[in-house]
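All remarks here apply to the structure that follows.
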2 protein chains.
Amino acid sequence: MSQGNSDGTGGRASEACGAVDGSFAPGQATACTVREVLDRVGGKWSIGILVAASQGPVRFTELERRVEGISRRMLTLTLRNLERDGLLNRKVHPTVPPKVEYTATPIALELHESLVALTHWAERHRSAIAAARTAYDRAHGGDLPPVPQG
Amino acid sequence: MSQGNSDGTGGRASEACGAVDGSFAPGQATACTVREVLDRVGGKWSIGILVAASQGPVRFTELERRVEGISRRMLTLTLRNLERDGLLNRKVHPTVPPKVEYTATPIALELHESLVALTHWAERHRSAIAAARTAYDRAHGGDLPPVPQG
DNA sequence: CCGTATCCGTACAGATACTG
DNA sequence: CAGTATCTGTACGGATACGG
C-alpha cells in the first residue's frame, strides 16, 4: 500500500487549478496560485511543523512535544507530505536507537518569510474580525445565542 | 435553524489556538496566527470570491460565472462566512427582481495585498515542488505508479 | 525511538430540488 | 435573481494498538 490514499492528509493537491482558462478575469489566476499554496500548507499542522523545523533540525519525538496537540499519525502524515513537496528534509541516523532529524529546506524558509505578511494582517485585524463576527451573529441569529459558555 | 451548523463551511475557526501557552518556542505563536488566517480564508472558494469582489461590486450570479466550478450552495456558504468575518459587504437592492451586490471591505483589500507574497512564493517554486513530488513518488512508490492516466 | 495500520467521527463539498 | 434544504460522498483528523 505505498500509494493507496484512502485516508489522511495529502493525495491530490490542486488539480482543480487546471480548470482555469483565460475566459475570465486575470485576478482568478492569482486566486488559483494562492490556492496551490493553501492546498499544500493549509493543513492543520503543516505550519506548526514548518516553523519548528525552520529553527533547526528537529527529531520526531521533539516535534511531538513542540507542536503539542498533534497525534502520532498526523505528525507522520504531515511530515511525509512536507517531505514529498520538498519542504522538509529527512535525515536518518542508523544508530541503535533510531534517530531521524527533519530540517526545513531553503524553499520552506522562503515560505516562512512570506507567511509573516499574513501574520501581520491577522495581527492587525484580529479584533476587527472578532467584532464583525459578534455583530453578525447578534444581527442574524438574534433568536439563537452563539457560544453560550454557561 | 438559524445557527445549527451541522454542515458546510464555517462554524469554528481557530479555537485550537487557545491552547497556546508560553512554554514552547515563540515561533509557535506565529504558526498559530497564520492558522487563524488559513482557517478563515483557507476554504476552497474563499480566495476566488475575494479576488472577484476586490475588483468592484459583484452580484450573486456574476460570481457564479466568475468563479466557475463553484456550486450554488458553496457560493452562498462562503459568501456568508466572508460577510460574517467582515471581509465582504452585502448590499441588497429591494427591486422587483432581487439584486444583491457584494463588495470587498478594506480589510479584505489588505489581505489581498498580503496574498501576493504567497503567490510569488508559489510562482517561484511551483516547478521545484512538482519535481520534488515526482522524485519522492518515484523513490518511495517504485512498485506503484502515481496518477496512471493509462 | 520511529513509525504504520485500523477504526471512527466530523467537517467540507457536490448535486439536486424547492422557495420568495 | 438570489437564495435555502436535504441527501450523499469523501477527505481530514483523532484514538488506539501494533511492528521494526
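In what follows, every chain begins at residue 1, and chains take the letters A, B, ... in the order their sequences are listed. This is a predicted model, so every value here is computed, not measured.
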side-chain contact (heavy atoms from CB on, under 4.5 Å) test vs A:Val37 passes for just one of B:Ile47, B:Leu38, B:Leu118, B:Leu115, namely B:Leu118
Between CG of B:Asn81 and P of C:dA13 the distance, given in whole Å, is 10 Å
Rounded to whole Å, the CD-C1' distance (B:Glu64 to C:dT16) equals 13 Å
Whole-Å distance, A:Leu38 CG to C:dC12 C1', equals 15 Å
Heavy atoms of B:Leu63 and B:Ala52 approach each other most closely as CD2-CB, 3.8 Å
Requested in this report: Can you check whether any acceptor in the base of D:dA5 is under 3.5 Å from a donor in the side chain of B:Arg73, or vice versa?
Outcome: no
Rounded to whole Å, CZ of A:Arg40 lies from C1' of D:dA11 at a distance of 17 Å
Atom CG of B:Leu75 and atom C1' of C:dC12 are separated, to the nearest Å, by 16 Å
- prompt: Should A:Lys44 be listed as having a side-chain N or O under 4.0 Å from OP1 or OP2 of D:dG14?
  reply: yes
Contacts of A:Pro97 and A:Thr76 projected onto DNA chain C by closest heavy atom; the upstream (5') one is A:Pro97
In whole angstroms, the gap separating P of D:dG3 from NE2 of A:His140 amounts to 11 Å
When rounded to whole Å, the CD1 to C1' distance for the pair A:Ile49 and C:dG3 reads 14 Å
The nucleotide from C:dG3, D:dG3, C:dC1 with an atom nearest the side chain of B:Arg72 is D:dG3
May I ask you to say what A:Arg59 touches in the nucleic acid, namely base, sugar-phosphate or nothing, with a heavy-atom cut-off under 4.0 Å?
-> sugar-phosphate
Winner on side-chain proximity to B:Met74, out of D:dT4, C:dC1, C:dA13, is C:dA13
With the side chain defined as heavy atoms from C-beta on, A:Pro98 is closest, among C:dG14, D:dA2, C:dC2, to C:dC2
A:Trp45 has its side chain closest, among D:dG13, C:dC2, D:dA2, to D:dG13
Is B:Tyr102 close enough to D:dG3 that one of its side-chain N or O atoms is under 4.0 Å from OP1 or OP2 there? yes
note: A:Leu77, atom CG; D:dA15, atom C1'; distance rounded to Å ~ 14 Å
Between A:Thr95 and A:Pro97 the two heavy atoms that sit nearest each other are OG1-O, 2.6 Å
Shortest non-hydrogen pair, A:Ile107 vs B:Trp121, comes out as O-NE1, 3.0 Å
Looking at B:Arg90, does any N or O in its side chain come under 4.0 Å of the phosphate oxygens OP1/OP2 on D:dG3? yes
#### Entry: Pairing of B:Asp137 and B:Arg133 as salt bridge, 4.0 angstrom limit
no
